Amino acid sequence: MTGRTRARLMGLARRVYRVPSPTYNHASHSNLRRFSNALSGPTRRDGVRVLNVGGGGRQYPPDTLDGFVRQAIVNIDVERHPGVHVLADAARLPFASYAFGGALSTAVLEHVRRPGAAIGEMARVCAPGALIYIEVPFLQGFHASPNDYQRYTSSGVAELLRDFEDVEVGVCVGPSSALSWVLRGYLKGVLSGFSRSRVRERAAEFVAAWLTTPVKYLDHFVADRPAAEDLASGFYAFARAPKD
C-alpha cells in the first residue's frame, strides 16, 4: 500500500467515524436568538463588544446570533483554536472593567477550575445591567476539555449567579439526554470491557453512540415539563450584570 493510498484511507475513515452528541439542546437556539435580539440594538453603536468566555472553535448556528453581535464578539479561551481572539484564563480576564455590553458562556464553566472567580470576572468586565447568558451541565458524564471539574443543579446555578440581577434559570438539555448519556457510557464500557485502550474505547463509543442516540430526542416531549429539572442534563441562565 502506497503512502498516498494509506492517507486516502485514513481520511475516509475519519469522515466515516462520526459520533453524534449524546444530548439534544432544545432551548439553545431560541435562547441565543433572545440574547442576540437584546444586544443587536446596542451593538450597532461603535465600540460595543460582547464577550464569549471559552469560545474555542465553536461556531454558533447562523440563525441564532445577529450579524452585528457576531462582529462584536470577542472569543477568549485557554487554548488556541480558529476564531479565538485572546488567550486568557476565565478567572483572570485581561480586560478593563465595564469593557463589554454583554457576555455568554456555553458548556464551559464545568471545565473551569474556579467557576466562581470566572463568573465574578464576567460581572466585572460587563457594563452595569449588561445581559449575561450561560449554559452549564447537571447530569452528564465526564468530558475533559482539557479537564472537567463540576456539575450544577438549578439551585446551584442560581447560587453561582447570586450577585447578578434578574436571574432566570431553566432546562436547556432534558432528562432524555441525561439517560442517553448514561446508557451510552455504560454500553461503551461493556463493549470495551471498561478498558482504557484508545482503540477499543473509540470502537465501542461509535457503536454505543448510534444505538443510544435516538433516546435523547424524547426530550421533545418532556424537557419543558415542570419536574424535568430534577433529572435535567443541563441548565441555562439569563442574568443582568449588577448595577453600581
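For this chain, numbers begin at 1 and follow the sequence in order. Just so you know, these numbers come straight off a predicted model, no measurement behind them.
- Side chain of Ser233 to backbone of Val173: no donor-acceptor contact under 3.5 angstrom is found.
- Taking the side chain as every heavy atom from C-beta outward, Phe238 and Leu131 approach each other to under 4.5 Å.
- Considering only heavy atoms from C-beta on, Leu211 comes within 4.5 Å of Leu187 through its side chain.
- Summarising the geometry of Ala103 relative to Cys126, their closest heavy-atom pair is CB-SG, 3.7 Å, with the distance given to 0.1 Å.
- Nearest heavy-atom pair across Ala228 and Val171 is C-CG2, 4.2 Å.
- In this structure, Ser36 contributes its side chain and Leu32 its backbone to no donor-acceptor pair below 3.5 Å.
- By the 4.5 Å heavy-atom criterion applied to side chains, Asn37 and Asp66 are not counted as neighbours.
- To the nearest 0.5 Å, the span separating CE on Met122 from CG on Leu109 amounts to 7.0 Å.
- The pair Arg114-Glu121 does not count as a salt bridge, with every side-chain nitrogen at least 4.0 angstrom from each carboxylate oxygen.
- Here the straight-line distance linking atom OH of Tyr24 with atom OG of Ser180 works out to 13.5 Å at 0.5 Å rounding.
- With hydrogens and angles left out, the side-chain atoms of Glu201 and Ser195 include no donor and acceptor closer than 3.5 Å.
- Distance alone, capped at 3.5 Å, is enough to place a donor-acceptor pair between the Ser192 side chain and the Lys188 backbone.
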Show your reasoning for whether side chain to side chain donor-acceptor pair (under 3.5 Å) applies to Asn75 and His81.
CA-CA 10 Å; Asn75 295 314; His81 296 283; over 6 Å; no
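- Contact of the Val50 side chain with the Gln71 side chain is not registered, since no non-hydrogen atoms from C-beta on lie closer than 4.5 Å.
- A donor-acceptor contact shorter than 3.5 Å is absent between the side chain of Glu110 and the backbone of Tyr152.
- In terms of modelled atom types and a separation under 3.5 Å, the side chain of Lys216 and the main chain of Ala178 share no donor-acceptor contact.
- A 4.5 Å side-chain heavy-atom check between Leu87 and Val78 finds every atom pair outside the cut-off.
- Remark: side-chain polar atoms of Arg18 are not paired, donor with acceptor, to backbone N or O of Phe206 under 3.5 angstrom.
- No single ILVMFWY cluster, assembled from side-chain heavy atoms under 4.5 Å apart, contains both Val48 and Val53.
- Counting heavy atoms of neighbouring residues, nucleotides and ligands inside a 6.0 Å radius, atom OH of Tyr186 does not exceed 12 of them.
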Output, in order, the C-alpha distance, side-chain angles, deciding distance and verdict of ring-ring contact (aromatic ring centres under 6.0 Å, His included) for Phe100 and Phe95.
CA-CA 9 Å; Phe100 293 92; Phe95 304 111; 5.0 Å; yes
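- Here the straight-line distance linking atom CG of Leu65 with atom NE2 of His29 works out to 10.0 Å at 0.5 Å rounding.
- Heavy atoms only, all atoms of each residue included: Leu93 and Ala90 are closest at CG-O, 3.6 Å.
- Between Tyr149 and Val112 the shortest side-chain heavy-atom distance does not fall below 4.5 Å.
- Here Phe142 contributes atom CZ and Asp148 contributes atom CG; the two are 5.0 Å apart, rounded to the nearest 0.5 Å.
- No donor-acceptor pair closer than 3.5 Å links the side chain of Ser28 to the backbone N or O of Asn25.
- Counting only N and O atoms by type, the side chains of Asp77 and His85 include no donor and acceptor under 3.5 Å apart.
- The side-chain heavy atoms of Ile132 and Leu104, taken from C-beta on, include no pair separated by under 4.5 Å.
- Between His220 and Tyr217, the ring planes are parallel. Angles under 30° get that label, and only those over 60° would be called perpendicular.
- Annotation for Ala209 and Pro20: closest pair CB-CD, 3.9 Å, computed over non-hydrogen atoms.
- When atom types are taken as modelled, the side chain of His26 and the backbone of Gly174 share no donor-acceptor pair closer than 3.5 angstrom.
- Listed here is the closest heavy atom pair of Asn147 and His111: O-ND1, 2.7 Å.
- Atom CG in Asn31 sits 11.0 Å away from atom OG1 in Thr106 (nearest 0.5 Å).
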Using the rule given for side chain to side chain contact (heavy atoms under 4.5 Å, CB included), can you reason through Glu168 versus Leu161, listing the C-alpha separation, both sets of side-chain angles and the distance that settles it, and then say yes or no?
CA-CA 10 Å; Glu168 172 193 334; Leu161 298 172; over 6 Å; no
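- Note on Arg202 versus Glu205: no salt bridge recorded, every NZ/NE/NH1/NH2 to OD/OE distance being 4.0 Å or above.
- Minimum heavy-atom separation, Trp181 to Pro22: CE3-CG, 3.5 Å.
- Listed for the Arg151 side chain is a donor-acceptor partner under 3.5 Å among the backbone atoms of Gln140.
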Check against side chain to side chain contact (heavy atoms under 4.5 Å, CB included), Arg49 and Val74:
CA-CA 7 Å; Arg49 297 182 296 169; Val74 177; 4.0 Å; yes
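- Between the Ser105 side chain and the Val108 main chain, no donor and acceptor come within less than 3.5 Å of each other.
- Using a 4.5 Å cut-off on side-chain heavy atoms (C-beta onward), Phe164 and Pro242 make contact.
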Go through the steps to decide whether Asn52 and Ile76 satisfy the test side chain to side chain contact (heavy atoms under 4.5 Å, CB included), and finish with yes or no.
CA-CA 6 Å; Asn52 185 8; Ile76 71 118; over 6 Å; no
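- A distance of 4.5 Å separates CG in Leu160 from CD1 in Ile119, rounded to the nearest 0.5 Å.
- Ring-plane geometry between Tyr133 and Phe35 is classed as tilted, the angle between the planes lying from 30 to 60 degrees on a 0 to 90 degree scale.
- No cation-pi contact links Arg70 to Tyr60, judged by a cut-off of 6.0 Å to the six-membered ring centre and 45° from its axis.
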